[in-house]
Amino acid sequence: MAPEVIAGASAEAGYNVKADIWSLGITAIELAEGQPPNAGLHPMRAIFLIPTLPAPKLSEPAKWSDGFIDFVQQCLQKDANLRPDAEALLAHPFVVQGGEAQVRAAQRRW
């Protein structure tokens with residue numbers, strides 16, 4: 001859950017598409033590492049700590065490309081106003097390069 005949602009900020013700063021971007025970053029970490037950040041904490045404790053702890057990061061960044069690390073960091077900007085929207089993330093090099101790789105793979109199959 002995004003920090004601004006937990007903090008109960010005003011309606012325009014609470015749940016919106018920027019909160020979904022935060023969730024995308026958390027999901028990316030979970031897919032990469034097999035568990036979400038703070039998985040060792042009781043879920044309610046983890047939720048209450050999200051607004052006060054620094055943004056989660058990949059625990060072993062050496063395993064991942066610079067593009068993936070930056071993508072996750074962009075998604076997990078604590079300040080929702082600094083967090084990119086979906087359109088900006090679609091132009092992120094990690095996404096663009098992944099799309100190009102998919103096109104190349106599809107072309108090899110033809």
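Quantities reported herein were computed from a predicted structural model and do not represent experimental measurements.
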So do the side chains of [X] and [Y] get within less than 4.5 Å of each other, counting heavy atoms only?
X: S59; Y: E33; result: yes
X: V72; Y: W64; result: no
X: L53; Y: F48; result: no

In Å, rounded to the nearest 0.5 Å, how long is the span from [atom1] of [X] to [atom2] of [Y]?
X: L58; Y: F68; atom1: CG; atom2: CZ; value: 5.5 Å
X: N81; Y: E4; atom1: CG; atom2: CD; value: 9.0 Å
X: Q74; Y: I21; atom1: CD; atom2: CD1; value: 11.0 Å

Of all pairs that satisfy side-chain hydrogen bond (donor to acceptor under 3.5 Å, both in side chains), the ones with a partner from [range], not counting sequence neighbours:
range: residues 84-108; result: D70-H92
range: residues 36-57; result: none
range: residues 20-32; result: Y15-D20

Please report the shortest heavy-atom distance between [X] and [Y], naming the atom on each side.
X: P51; Y: A7; value: CG-N, 4.5 Å
X: P56; Y: L76; value: O-CD1, 3.4 Å
X: G67; Y: F94; value: O-CB, 3.5 Å
X: K18; Y: P84; value: CD-O, 3.9 Å

Item checked: A55 backbone acceptor or donor facing K78 side chain under 3.5 Å ->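 Answer holds: no.
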
Note to self: Are more than 12 heavy atoms, taken from residues, nucleotides or ligands other than D66, located less than 6.0 Å from that residue's CG atom?
What the structure shows: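 Atom CG in D66 is not crowded, with 12 or fewer foreign heavy atoms closer than 6.0 Å.
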
Note to self: Assigning hydrophobic clusters by single linkage (Ile, Leu, Val, Met, Phe, Trp, Tyr; side-chain heavy-atom cutoff under 4.5 Å), is I29 placed with L49?
What the structure shows: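 No: no chain of side-chain contacts under 4.5 Å links I29 to L49.
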
Check: In terms of hydrophobic clusters joined by side-chain contacts under 4.5 Å, are V96 and I69 together?
Finding: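 They do not share one cluster, since no chain of ILVMFWY contacts under 4.5 Å joins V96 to I69.
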
Item checked: Residues F71, L24; criterion side-chain contact (heavy atoms from CB on, under 4.5 Å); working and verdict -> CA-CA 10 Å; F71 179 82; L24 174 62; 3.7 Å; yes

